[in-house]
Amino acid sequence: MDMSPMIDMVFLLLIFFIVNSNMVIVKMDKRVEVPVAADSLQQEDANGRIVVNVYEDGTLRDANANVEFEDDNALIDYIDKERQKMENFGYPPTLHLRGDRRSVFRHSRRVIRAAATARVDQVRFATYQTNKQYIR
Amino acid sequence: MSRRRVAVEEKEPGLDISSLIDVCFLLLIYFIVTSTIDAEERDVNMALPSSTPSSSDQAPIDSLTIELDGEGIVYIVADGLKEPLDTNPEEKGVPLLTQRLTLYKQAAVAAGDQPVVQMNIDGEVEQQRVLDCLNALAKLGIDRVTFTDLIN
């Protein structure tokens, strides 16, 4: 049995997956349903992102969704530490705000104010380009 | 009878590639198992006021103020008057706001200035509605946006 076409197919599939896979640097907690913005921009540089998740009920958590920020001081400390870490690596620090589309804006505003206090003045709102994710 | 055999046939060097094929299958199975089809997240960018340097040698054009109330209704504030624009929070495209922003941007560009927009947002409005407005700004390339309650 001539196996060479099968081996060709295997190589093709392998190359397809290698080429199409992306290294995900910004962690995405699926419990946060980000808003939809049709004219949003593709994420160009994922380095230097300080991720804060804002859940529907107003809870604020870090990128790994492990640490919950109960008050503003904890949030400012976290953003400040991350900012210093990013600056040490040579990346411009940017707040990556993953706010749930159904949460009220005052929670996100808290995060933006904390970022301003911690001297991070670039903000990126995480969005989807279409609402396909929300059509079941 | 000569039993001299023909010169021993030369044995060509061969390469056993079965291990290579095994490794290829392993890699393929790894990628198939670990790949997921997820929508890609994108960015709507904003710079806070401290990062936008003010040019003192240029008289800035009057900024446009957009107000968003708790119900998701979009207002334009001009000359002390608050004019409602998009009153349906379900309408994501905010067409009336987009129209006004287009006119404002054209006027700014004609005056040789950069358009500046201030946003006054009620804390109880949904995040999606805020992003609808920011999206309209991003669509027109207006990146000098500030939130009024962040400026003290």
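Sequence lines set the chain letters: A, B, ... in the order given, protein chains first and strands last, and positions in each chain run from 1.
Heavy atoms of R110(A) lying under 4.5 Å from chain B are absent altogether. For chain B, the nearby part of F11(A) is the side chain; its heavy atoms alone come within less than 4.5 Å. Only the side chain of I21(B) comes within contact range of chain A, judged by heavy atoms closer than 4.5 Å. Neither the backbone nor the side chain of R119(A) comes within less than 4.5 Å of any heavy atom in chain B. Residue contact with chain A, scored on non-hydrogen atoms closer than 4.5 Å, involves the backbone of D122(B) exclusively. With a 4.5 angstrom heavy-atom cutoff, L134(B) touches chain A only via side-chain atoms. For H107(A), no part lies under 4.5 angstrom from a heavy atom of chain B. Looking at V44(B), both its backbone and its side chain come within 4.5 Å of chain A, counting heavy atoms on both sides.
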From CA spacing to verdict: salt bridge (Lys or Arg N to Asp or Glu O under 4.0 Å), E126(B), R129(B):
CA-CA 5 Å; E126(B) 272 194 358; R129(B) 195 57 176 162; over 6 Å; no

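Distance check, rounded to the nearest 0.5 Å: CG of N135(B) to CD of Q129(A) gives 9.5 Å. Rounded to the nearest 0.5 angstrom, T102(B) OG1 and K139(B) NZ are separated by 8.0 Å.
Note: R101(A) leads K30(A), M3(A), R101(A) in heavy-atom pairs under 4.5 Å with chain B. The choice from I7(A), D100(A), T94(A), V36(A) that makes the most heavy-atom pairs within less than 4.5 Å of chain B is V36(A). For chain B, the option among L41(A), L14(A), V54(A) with the highest count of heavy-atom pairs below 4.5 Å is L41(A).
Counting heavy atoms of neighbouring residues, nucleotides and ligands inside a 6.0 Å radius, atom CD of E124(B) exceeds 12 of them.
Nearest approach of L97(B) to C133(B), heavy atoms of both residues: CD2-SG, 4.0 Å.
Ring-centre distance between F147(B) and F105(A): below the 6.0 Å cut-off.
Ring pair F69(A)/Y78(A) is tilted by interplanar angle, where 30° to 60° counts as tilted.
With I29(B) as the partner, the side-chain contact (heavy atoms from CB on, under 4.5 Å) test is satisfied by one option alone out of L26(B), I32(B), V33(B): V33(B).
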